[in-house]
Every structure is written in structure tokens, then in C-alpha cells.
Q: 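Below are the C-alpha cells for one structure; questions will follow.
All heavy atoms count here, side chains included; hydrogens, waters and symmetry mates do not. Whatever order the structure lists them in is the order used to number ligands and atoms, beginning at 1.
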Amino acid sequence: MTGKVEKHLLDKIKEDGCIHITLVDPDKSSGRDCAAIAYEAEKGGTAAIMVGGSTLAAKEDLDAAIQRINEKVNVPVILFPNGPMGVSRHADAIWFMSLLNSQNTYYIIDAQVISAPLVKRYGLEAIPMGYIIAGEGCMAGYIGQARLINYRHPELAVGYSLAAETLGMRFVYLEAGSGAREPIPPEMIGAVKKQLSVPLVVGGGIRSPKAASAASMAGADAIVTGTLVEEESQVKDKIGALVKAIKKA
Ligand code: 1GP
């Protein structure tokens, strides 16, 4: 069943052609204020805030960060978990994701087995998503023990994406890893988009309106950026420029 947050995302995608989502990582934000970043990002036109990170270690930090964000923003707060530790009752929804190209069953299904009862107990809206890591992979690739897909093999990304869709997942996330030197190339995005019917989320290494626009033009339905707004300066302007660059409608 499509919940409120998923509907918001789908409506926004329909309206704008491509939406922007801001990732904040409570673990990385020592000294930085996630809530202030989220507040400015919303003013810049971001459609949702994603909270999580591959190395998040303290549940209290996550809970506290989400509560602070909730006080400041109206757009939905969606969990981007690295495992059961990334589940918080305070969020509006959770990407219920499986790292499909992991070599370790923990990231494909075991973490989800532990998390699902919690998601149910908290009444969180779960949005099923296939998560696929390509290119450099960075921390997410290392922690998630991904068999990284080389950018020269878009057909592998197509296969994983179609497998996700065929398994009933309602979003696909093509990830290059936070801070990746090279974002997912337009050729790979285009090859996946050509075959996929569910929305395609793309992230990792996107730092300029030009790169965001290239991903959008190639077929991304949503662009995620994190590193771009890790520093608290000019968040609204930086996000605003990206949002403008990716709009297709
Ligand atoms: C990481 O794709 C996201 O999961 C964001 O990456 O930090 O490089 O924007 P960046």
C-alpha cells in the first residue's frame, strides 16, 4: 500500500520531473547541526530529508537528530538505515532497502529480518527499495561488502534494477557512494531508466548543478546529495541551484 510519504514523493516527481533529496548523516555532523542544514535545504526546495549513514553507531544520536529536524522542517524525514540501528520511531518513513549486490546476506536480508518487527512496532511507513552500489562505492560499498559494478558495465546495473522491480520493490537507488569522485555516469542511468518502470534515485558524488542536471537528463527521478551541504554555509543557495537544474517539468 502506498503511504503518505511515498505519495508525496511520487506526486512531486510527477510535478517536477526530477526531485532533490537531502541526506544528512548524524554521525558525520559532529559540530554541524543537521537540523539547521535540513531547514535551509527545505528553503532551497528539497523534497525530503534522508537521515542515515554507513557508520552510524549511536541510536541516541539518530533519535535526537530526527527530533531536532522535525521541529524545523515540514518535508518528510525518511530513514536511510545501515541496519537495525538506523531505525528510529521519530521518522516519517523508512527506505526499507536491500543492498542487492552485497556479498554478505546480512545486507541483503538479515538486517531486514531484524528491522522489520521494529518498523512494524513503530508504525513506520516502509518504502521498499532496491539499493545498488556502483563505481567507487566509498564507505557504503566497503561496509556493505558490495560487489561494485564497474561503470563500464551498465548492463549489470540494469539487471539488478529489473530484479528489484520484479521482486516488487517500488524504488531503485543507484549509489556511487558518499563523496565519490565520479558520480553514476549518465550512460548507466540512461540504460537503467530505459528498462525500469519504478522511480530511479541516483546519488553519490553529485556536487554541482551541472552533474545533477546530467543525471536528471539521463533519466533520474530523484537526486540525493549529502556532502554538498555538509558544511552549513549557503545551504539554501546550493540546494536551490540544484533543484532548478534538475527540474524537467
Ligand atoms: C550517499 O548518495 C548519497 O548515500 C550522497 O552522496 O555525499 O556524495 O552527495 P554525496
Q: Check the pair R181 / E136 against salt bridge (Lys or Arg N to Asp or Glu O under 4.0 Å), numbers first and verdict last.
A: CA-CA 8 Å; R181 274 165 298 190; E136 199 181 336; 3.3 Å; yes
Q: For G204, counting its heavy atoms only, list the atoms of ligand 1 lying under 4.0 Å from any of them.
A: 2 (O), 3 (C), 5 (C), 6 (O), 8 (O)
Q: In terms of atom number and element, which parts of ligand 1 are under 4.0 angstrom from non-hydrogen atoms of L23?
A: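 Close to L23: 1 (C), 3 (C), 4 (O).
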Q: Tell me, please: is L228 in heavy-atom contact with ligand 1, that is, under 4.0 Å?
A: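 Flag not set, L228 not near ligand 1.
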Q: What atoms in ligand 1 come closer than 4.0 Å to a heavy atom of T225?
A: 9 (O)
Q: At a non-hydrogen distance cut-off of under 4.0 Å, which region of E175 contacts ligand 1 (side chain, backbone, both, or neither)?
A: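 The answer is the side chain.
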Q: Is Y173 in polar range of ligand 1, meaning some N or O pair under 3.5 Å apart?
A: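 Yes, at least one N or O pair falls under 3.5 Å.
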Q: Among pairs that include at least one residue of residues 88-114, which meet ring pair (Phe, Tyr, Trp, His ring centres under 6.0 Å), considering only residues two or more places apart or in two chains?
A: W95-F171
Q: Does some side-chain heavy atom of Y160 sit less than 4.5 Å from a side-chain heavy atom of V172?
A: no
Q: With respect to V77, which candidate in V24, I94, V51 satisfies the side chain to side chain contact (heavy atoms under 4.5 Å, CB included) definition?
A: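 Going through V24, I94, V51 one by one, the side chain to side chain contact (heavy atoms under 4.5 Å, CB included) with V77 is satisfied by V51 alone.
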Q: Any donor and acceptor pair, going by atom type alone, linking the side chain of S88 with main-chain N or O of L62 inside 3.5 Å?
A: no
Q: What I want to find out is whether E125 reaches K4 closely enough, with some N-O distance under 4.0 Å, to be called a salt bridge.
A: no
Q: Which ligand 1 atoms are under 4.0 Å away from a heavy-atom of F80?
A: 4 (O)
Q: What atoms of ligand 1 come closer than 4.0 angstrom to any heavy atom of G179?
A: 7 (O), 8 (O), 10 (P)
Q: Based purely on interatomic distance, does S178 place a nitrogen or oxygen under 3.5 Å from a nitrogen or oxygen of ligand 1?
A: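 Right, the criterion is met.
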Q: Hey, is G205 one of the residues with a heavy atom under 4.0 angstrom from ligand 1?
A: yes
Q: Taking only heavy atoms of G203, which atoms of ligand 1 are found under 4.0 Å from at least one of them?
A: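 Checking each atom against G203, I get 2 (O).
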Q: Distance check, rounded to the nearest 0.5 Å: T225 atom OG1 versus I239 atom CD1?
A: 4.5 Å
Q: Show your reasoning for whether salt bridge (Lys or Arg N to Asp or Glu O under 4.0 Å) applies to K193 and D221.
A: CA-CA 9 Å; K193 185 61 189 175; D221 298 292; 2.8 Å; yes
